[in-house]
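First up is the structure itself, then whatever we jot down about it.
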Amino acid sequence: MTELAAADRPLHDLATRLLAVAERGLPKMLLPEGTGFVFTRAGRPAGDGGWSLEQRGTSNRYAAITALGARFLPADRQRAVLGGRTAEEFTGLLVERLPGVDNLGDAALIAWAAAETGHPKLSDALDRVAALDVPGRPQYTVEAAWVLSALAAARGTLDVEQRLAAARDRLLRARIGGSPLFPHATGHGLNAWYRDHIGCFADQTYPLQALARAHASGDDPEALAAADACATRICALQGDGGQWWWHYDARRGTVVEGYPVYSVHQHAMAPTALLDLAEAGGTDFGEPIRRGLRWMTEVPELSGTGATEPMILDDLGVTWRKVYRGDPKKAVRAARGLSTRVVPGLRLGALDSFFRPTAVDRECRPYEFGWMLFAWLGSIRQGAPFGPDRANATAPQATDPEADGR
């Protein structure tokens with residue numbers, strides 16, 4: 001990561017350290033048979049003063065994201081991360097189970113991985129996406145963005161122009177008024193009325209990434225401009241400590257509620273979206289990327305609290321998931337969502353004194369490391385080995401992506 005080393009050598013070393021943590025942690029998140037990944041590893045105190053990590057659930061979504069990132073590793077290290085399989089072979093397992101996948105986001109990610117790894121059943125994978133993506137039905141913004149990214153990746157292999165244009169237009173239409181930010185869904189009906197104006201951080205990064213990739217794959221200045229405008233706004237709103245904030249008013253382009261601050265946003269999701277944007281010809285947001293990455297070891301929320309717990313645990317192969325308020329039933333988020341619906345810009349600042357963001361969520365999920373590999377090793381150019389550019393610089397009910405932190 002030559003440019004990062006030139007800009008900030010300690011941050012280059014931190015990124016290298018984090019990549020080693022990812023390669024150490026991902027094999028521990030594999031299912032016993034090596035055909036998929038768990039949903040999370042949750043930490044609880046052990047008798048020796050350390051941590052015991054419990055595996056919980058399974059996730060096709062996280063498996064696909066991991067394959068998308070792991071493909072940038074050399075083949076032997078892909079096999080170490082993916083239970084003896086290359087990213088192409090592992091993606092094949094996911095493609096074979098697509099007929100039983102009933103979530104649009106999961107299907108889109110699997111199709112995206114199929115496109116990037118050159119799977120021969122890419123057409124079938126995209127057909128499954130189309131079957132789940134009912135025309136005229138609102139979708140969660142994150143999942144709509146993954147559809148566009150999958151189609152952009154497939155563009156050089158299949159004729160997807162009509163579907164890609166529809167997916168691209170849907171994202172652009174989802175914006176409210178003249179705001180550059182995106183709401184949580186592409187239309188009404190998926191959210192409670194009082195939250196229709198809210199978009200989370202993932203609702204910004206995945207669309208801007210998808211639109212940048214659409215431009216890179218087919219010369220779309222309007223898509224690139226929309227991606228650049230979104231990135232410009234979230235970077236302007238970035239916290240003084242490098243925090244990528246969580247909830248935004250998509251009408252006004254303002255922050256509604258900052259917390260939680262998620263590790264994956266700091267070390268992976270913001271970098272991969274913003275680096276893709278720069279590589280596609282958009283603005284270079286290198287400094288905000290570096291500020292966000294620095295948060296991983298300089299967490300202002302925990303300074304002065306007596307907490308000495310790090311967010312990165314090298315030996316365990318985890319990064320703790322987030323710093324949050326610990327408010328009951330996410331009361332601050334709910335209150336600010338409702339209040340800004342009624343009175344735009346109202347912050348209810350007194351809540352910050354009652355619910356301070358000093359709690360740590362001690363779990364780690366595979367997709368966090370998948371996107372980390374994608375961010376720091378990847379390239380927007382299909383077939384680029386190990387990311388040389390980056391190294392130098394439903395009838396089925398949709399599942400709300402925000403529920404698991406994206």
Side-chain angles (χ1 to χ4, degrees), residues 21-43 53-73 75-122 124-126 128-129 131-132 142-143 146-147 149-150 153 202 264 268-269 316-319 321 363-374 377-378 394 396-401 403-406:
V21 171
E23 288 194 59
R24 187 177 300 119
L26 280 170
K28 300 176 182 179
M29 299 181 183
L30 276 166
L31 297 175
E33 62 275 19
T35 58
F37 279 87
V38 300
F39 179 76
T40 193
R41 293 176 79 203
L53 289 166
E54 176 187 358
Q55 295 188 349
R56 298 176 183 169
T58 62
S59 176
N60 287 324
R61 176 173 298 194
Y62 292 174
I65 294 171
T66 302
L68 279 166
R71 80 186 193 281
F72 292 110
L73 294 168
D76 59 330
R77 287 159 63 189
Q78 292 180 33
R79 294 184 186 279
V81 164
L82 298 172
R85 297 176 175 86
T86 65
E88 180 180 359
E89 293 164 346
F90 188 82
T91 298
L93 297 177
L94 302 178
V95 171
E96 291 302 319
R97 67 181 64 146
L98 260 176
V101 172
D102 61 5
N103 175 267
L104 176 61
D106 293 12
L109 286 165
I110 293 171
W112 185 0
E116 299 287 9
T117 59
H119 195 278
K121 292 187 176 180
L122 171 59
D124 293 343
L126 290 174
R128 184 59 182 159
V129 173
L132 296 171
V142 162
E143 298 182 348
W146 289 336
V147 170
S149 288
V264 66
M269 280 171 52
L316 292 179
V318 298
T319 55
R321 181 160 170 74
E363 63 173 305
C364 185
R365 301 183 182 182
Y367 86 96
E368 302 172 13
F369 291 157
W371 284 138
M372 187 195 295
L373 296 172
F374 192 106
L377 302 181
T394 90
Q397 183 65 37
T399 299
D400 184 350
D404 58 5
R406 292 188 317 282

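What you see below is based on every heavy atom in this structure, not just the backbone, and it leaves out hydrogens, waters and symmetry mates.
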Point to revise | With sequence neighbours excluded, residues passing side-chain hydrogen bond (donor to acceptor under 3.5 Å, both in side chains) with R79 | key: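 Partners of R79 under the side-chain hydrogen bond (donor to acceptor under 3.5 Å, both in side chains) test: E89.
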
Review point. Can you name the side-chain hydrogen bond (donor to acceptor under 3.5 Å, both in side chains) partners of S149, sequence neighbours left out?
Key: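 For S149, no residue satisfies side-chain hydrogen bond (donor to acceptor under 3.5 Å, both in side chains) once neighbours in sequence are set aside.
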
Exercise: identify the closest heavy-atom pair between [X] and [Y]:
X: E23; Y: L73; result: OE2-CD2, 3.5 Å
X: G105; Y: R61; result: CA-NH2, 3.8 Å
X: V38; Y: P366; result: O-CG, 3.2 Å
X: V318; Y: F369; result: CA-CZ, 3.9 Å
X: L98; Y: R128; result: O-NE, 3.3 Å
X: A107; Y: L132; result: CB-CD1, 3.7 Å

Review point. Would you call the rings of F90 and F37 parallel, tilted or perpendicular if under 30° counts as parallel and over 60° as perpendicular?
Key: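 If you compare the ring of F90 with that of F37, the planes turn out perpendicular.
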
Practice item. Verify side chain to side chain contact (heavy atoms under 4.5 Å, CB included) between Q78 and E88, making sure each step is shown before the conclusion. Key: CA-CA 10 Å; Q78 292 180 33; E88 180 180 359; over 6 Å; no

Would you give the length of the straight line joining atom [atom1] of [X] to atom [atom2] of [Y], rounded to the nearest 0.5 angstrom?
X: L68; Y: I110; atom1: CG; atom2: CD1; value: 10.0 Å
X: F39; Y: Y367; atom1: CZ; atom2: OH; value: 8.5 Å
X: R77; Y: L373; atom1: CZ; atom2: CG; value: 9.0 Å
X: D124; Y: E96; atom1: CG; atom2: CD; value: 9.0 Å
X: R71; Y: T66; atom1: CZ; atom2: OG1; value: 12.5 Å
X: N60; Y: I65; atom1: CG; atom2: CD1; value: 11.0 Å

When the side chains of residues 26-35 are checked against the rest of the protein, which donor-acceptor pairs come out under 3.5 Å, sequence neighbours left out?
from	atom 1	to	atom 2	distance (Å)
K28	NZ	D315	O	3.4
E33	OE2	T35	OG1	3.4

Exercise for review: May I have the step-by-step check of side chain to side chain contact (heavy atoms under 4.5 Å, CB included) for V129 and V147, ending in yes or no?
Suggested key: CA-CA 8 Å; V129 173; V147 170; 4.0 Å; yes

Check your understanding: Is the shortest heavy-atom distance from the side chain of T91 to the side chain of E116 under 4.5 Å?
Key ->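 Not touching, per the 4.5 Å side-chain cut-off.
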
Practice item. Please report the C-alpha distance between W146 and L109 in whole Å, then the side-chain angles of each, then the deciding distance to 0.1 Å, and finally whether the side chain to side chain contact (heavy atoms under 4.5 Å, CB included) criterion is met. Key: CA-CA 6 Å; W146 289 336; L109 286 165; 3.6 Å; yes

